[in-house]
Amino acid sequence: MIDIDLFRKNPEIFREEIKKRNMKINIDEDLEFDAARRKLISEVDELRALKNENSKKMPKLSGSERELAISEMKKINERLDSMEKELQEKNEDFNSRLANYPNISHKTAPVGRDENDNVPIFFYGNKPEFDFEIKNHIELGKSLDILDDEKGAQVSGARFVYLKNEAVFLEFALINYVLNILYSKGFSPVIPPVLVKERAMYGTGFLPAEKNQYYKIESDELYLVGTAEVPLCSYHADDILEMNSLPVKYCGFSTCFRREAGSYGKDMGGMFRVHQFDKIEMFIFSRPENSWDDYEFLRETLEEIFRGLGFHYRILNMCTGDIGSPNAKKYDLEAWLPGQGAYRELASCSNDTDYQARRLNIKYKDNDNNKDFVHTMNSTACAVGRTLIAIYENYQDSKGNIRIPEVLLPYMNGIEIISAKKK
RNA sequence: GGAGAGGUGGCAGAGCGGUUGAAUGCGGCGGUCUUGAAAACCGUUGAGGGUUUGUGCCCUCCGUGAGUUCGAAUCUCACCCUCUCCGCCA
């Protein structure tokens, strides 16, 4: 949600922002709508004041005086009823108009149309070289019996997979490795609910913008989360945090569910784009004045995790046309996947400034009891499926085996290499 | 799932259908007293919105929504949530 005061006083800020993001919103129409709505609020308030005044006199009246006052009040009520109804409609309309407004992008976010305008700002490591014919993660996974997407499709449909054998140990090893790093950096580990109410989806900005991307349980009015960001952010809905407790840092492990509507035919097979995957997400509640420092800390933490795994990756500064509407700025981490011969997104790190905080009413108070909205930011710490792909493809050898990255060895129960099973 | 109890301000806890935004206690803040602190005493202490910057006025909010009434925290209905007991269960 945007700052409505700012919107009224400086609509040109939003005019520019909407242009930057290639969005189409009629600002003038919304401003006029707001003015009309506020006029109606004043009128309703006035009539209510009159009603309250008359009400107070009522106990003192009797007989015909009383009869007259009552009939007077009935007339007022008739008018008030229709005005209140109209106001409610106007409010709902206005709120849904406002909900479509994006956050104001940071000055360091590059202006651009689409993914082609994202700016690579940093590269780590080098592309690994192989002196044999490499396989992609699907070939590796199937031949080593650690991935089965056919059975996944049979039981649940396309874009569902089974992880098997060493892949399962690898997932838990990754989780351990990542949680240990994050815990040492002051992130509180959380396992949140993955079914949430509509408010949590709206509050975090995933609705209404990406309505088709998420599963809804119609019978219970609940949504399956696409990321732990949703329950982590909503955890502090309506809270007022102590300034001295900020930044508050959480890392949440959850299964994530995405419908992937509209991505037909993209990344089919394997586990790059699946309806269900596990992920550890970092989430920070921050003071506005420290927000951008905390955000860089988040990016550094993300990079530390992937450097430990030894991947070659690049960081993209995402352009205004490609960031989500709640984001003021977003970095993507794209790792090199030899099997695809391409950099692919493994993680995403966003600062949403006060956008989610406004929607979910998350504030902090300083030592003088002044209250203001916190800033919220989130980053992938480890999307397990995609990280496994990167491990498989980067750590394969000429025999089609997969070595275990060194940092994961302590969590692998002695498994150092994944080899074909003897039948 | 069945039976019962309850949802009021930061917390605890009152509240005859009209002057209750809401008693009282605790906590918080300010002050008096004190070398300082505690105690005691006095005062103060919710959120959101509209209008206005004459800094006041006005509106809304007692789980949520609907209803009765001129008027609802108070009455009716539905829903949600919490607690206790029973059943079932990883």
Side-chain angles (χ1 to χ4, degrees), chain A residues 1-9 30-99 101 191-203 216-223 231 234-246 248 253-255 354-374:
Chain A
M1 189 57 61
I2 58 168
D3 181 350
I4 191 169
D5 253 7
L6 188 68
F7 175 66
R8 285 169 188 158
K9 286 175 186 152
D30 291 344
L31 280 169
E32 277 170 39
F33 193 92
D34 180 41
R37 175 184 145 268
R38 282 195 286 168
K39 185 160 170 276
L40 186 60
I41 290 173
S42 292
E43 287 168 8
V44 167
D45 279 0
E46 255 173 65
L47 205 53
R48 280 175 177 162
L50 177 65
K51 187 177 164 182
N52 289 343
E53 210 180 309
N54 289 352
S55 246
K56 279 179 188 168
K57 290 179 192 155
M58 196 66 72
K60 295 170 193 139
L61 303 178
S62 57
S64 62
E65 250 184 349
R66 192 183 176 88
E67 294 307 311
L68 191 68
I70 288 175
S71 73
E72 190 70 25
M73 282 291 265
K74 282 184 174 168
K75 275 187 227 158
I76 293 176
N77 279 338
E78 270 176 42
R79 259 203 297 160
L80 198 54
D81 275 351
S82 73
M83 284 167 76
E84 282 178 336
K85 198 171 160 232
E86 190 189 342
L87 179 59
Q88 196 187 339
E89 283 167 12
K90 276 198 157 65
N91 281 338
E92 283 166 15
D93 193 347
F94 186 65
N95 285 338
S96 63
R97 282 164 186 255
L98 226 51
Y101 279 72
I191 298 179
V194 295
L195 281 168
V196 299
K197 296 179 187 171
E198 195 166 63
R199 185 190 180 200
M201 295 296 286
Y202 266 97
K216 184 179 184 188
I217 313 288
E218 289 288 349
S219 55
D220 296 279
E221 283 285 317
L222 291 170
Y223 290 83
S234 302
Y235 184 77
H236 282 304
D238 296 319
D239 280 352
I240 297 171
L241 305 170
E242 294 292 336
M243 183 179 75
N244 296 330
S245 71
L246 299 174
V248 174
F253 170 86
S254 82
T255 301
D354 60 359
Y355 193 87
Q356 294 177 322
R358 284 179 191 282
R359 289 191 172 207
L360 284 169
N361 189 29
I362 307 170
K363 295 182 174 177
Y364 75 99
K365 62 173 179 203
D366 65 19
N367 298 328
D368 297 322
N369 255 340
N370 297 313
K371 297 176 185 74
D372 194 11
F373 293 107
V374 297

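Quick note on labels: first sequence line is chain A, next is B, and so on, each numbered from 1.
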Mind checking the [atom1] distance from [N] to [M]? Whole angstroms is fine.
| N | M | atom1 | result |
| --- | --- | --- | --- |
| rC57(B) | rG21(B) | P | 16 Å |
| rC77(B) | rG25(B) | P | 36 Å |
| rC88(B) | rG6(B) | P | 28 Å |
| rA5(B) | rC16(B) | C1' | 24 Å |
| rG63(B) | rA73(B) | C1' | 12 Å |
| rA3(B) | rU60(B) | P | 39 Å |
| rG54(B) | rU64(B) | C1' | 41 Å |
| rG9(B) | rU44(B) | C1' | 15 Å |

Within the supplied structure, the quantity of interest is the number of heavy atoms (other residues, nucleotides, ligands) at a distance under 6.0 Å from [X] [atom1]; does it exceed 12?
| X | atom1 | value |
| --- | --- | --- |
| I191(A) | CD1 | no |
| E65(A) | CD | no |
| Y101(A) | OH | yes |
| R79(A) | CZ | no |

Next on the checklist: Less than 4.0 angstrom from a charged side-chain N to a carboxylate O is my criterion; do K85(A) and D81(A) meet it?
Outcome noted: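 So K85(A) does not pair with D81(A) through a salt bridge.
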
What does [X] touch in the nucleic acid at a heavy-atom separation under 4.0 angstrom: a base, only the sugar-phosphate, or nothing?
| X | result |
| --- | --- |
| K365(A) | nothing |
| N54(A) | nothing |
| K57(A) | nothing |
| A69(A) | nothing |
| R358(A) | nothing |

Side chain proximity check, [X] to [Y], heavy atoms < 4.5 angstrom:
| X | Y | value |
| --- | --- | --- |
| P231(A) | V194(A) | no |
| E86(A) | E43(A) | no |
| H236(A) | V374(A) | no |

Checklist entry - E78(A): what forms a side-chain hydrogen bond (donor to acceptor under 3.5 Å, both in side chains) with it, not counting sequence neighbours? => result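 For E78(A) there are no side-chain hydrogen bond (donor to acceptor under 3.5 Å, both in side chains) partners, ignoring immediate neighbours.
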
Next on the checklist: Quick check on RNA chain B: between K371(A) and R8(A), whose nearest nucleotide comes earlier from the 5' end?
Outcome noted: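 Counting from the 5' end, the first nearest nucleotide belongs to K371(A).
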
Item to check | Toward the 5' end of RNA chain B, by each residue's nearest nucleotide, N361(A) or E46(A) | outcome: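 Looking at RNA chain B, the more 5' nearest nucleotide goes with N361(A).
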
Item to check | Minimal non-hydrogen separation, M1(A) against A99(A), with atom names | outcome: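 Distance-wise, the nearest heavy atoms are CE-CA, 4.2 Å.
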
Checklist entry - For Y364(A) and I240(A), which heavy atoms make the closest approach, and how far apart are they? => result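 Shortest heavy-atom separation between Y364(A) and I240(A) comes out as C-CG2, 4.1 Å.
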
Checklist entry - Hey, where on RNA chain B does chain A first and last touch, going 5' to 3'? Cut-off is any atom under 4.0 Å from a heavy atom. => result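 Span of nucleotides near chain A: rG18(B) to rG71(B).
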
Determine all donor-acceptor pairs shorter than 3.5 Å in which one atom belongs to a side chain in residues 44-51 of chain A; sequence neighbours excluded.
{"residue": "R48(A)", "atom": "NE", "partner": "E84(A)", "partner atom": "OE2", "Å": "3.0"}
{"residue": "R48(A)", "atom": "NH2", "partner": "E84(A)", "partner atom": "OE2", "Å": "2.9"}
{"residue": "K51(A)", "atom": "NZ", "partner": "N77(A)", "partner atom": "OD1", "Å": "3.1"}

Item to check | Test salt bridge (charged side-chain N to carboxylate O under 4.0 Å, His left out) applied to R37(A) and D34(A), step by step | outcome: CA-CA 5 Å; R37(A) 175 184 145 268; D34(A) 180 41; 2.7 Å; yes

Next on the checklist: Under 4.0 Å, heavy atom to any atom of RNA chain B: which of residues 34-42 of chain A qualify?
Outcome noted: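 When residues 34-42 of chain A is checked for heavy atoms under 4.0 Å from RNA chain B, the hits, listed by number, are R38(A), I41(A), S42(A).
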
Checklist entry - Does anything in residues 70-81 of chain A reach RNA chain B, meaning a heavy atom under 4.0 Å, and if so which residues? => result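 Close to the strand are I70(A), M73(A), K74(A), N77(A).
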
Checklist entry - Hey, does the side chain of R359(A) reach the backbone of Y202(A) with a donor-acceptor pair shorter than 3.5 angstrom? => result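 Checking the backbone N and O of Y202(A) against the side chain of R359(A), a donor-acceptor pair under 3.5 Å is found.
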
Item to check | Backbone N/O of M58(A) and side chain of R66(A): donor-acceptor pair under 3.5 Å | outcome: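 Yes, R66(A) side chain to M58(A) backbone: donor-acceptor pair under 3.5 Å.
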
Item to check | Stems involving RNA chain B, each a run of at least 3 consecutive Watson-Crick or G-U pairs under 3.5 Å | outcome: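 Detected stem regions: B:1-7 with B:80-86, B:10-12 with B:24-26, B:27-32 with B:40-45, B:46-51 with B:56-61, B:63-67 with B:75-79.
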
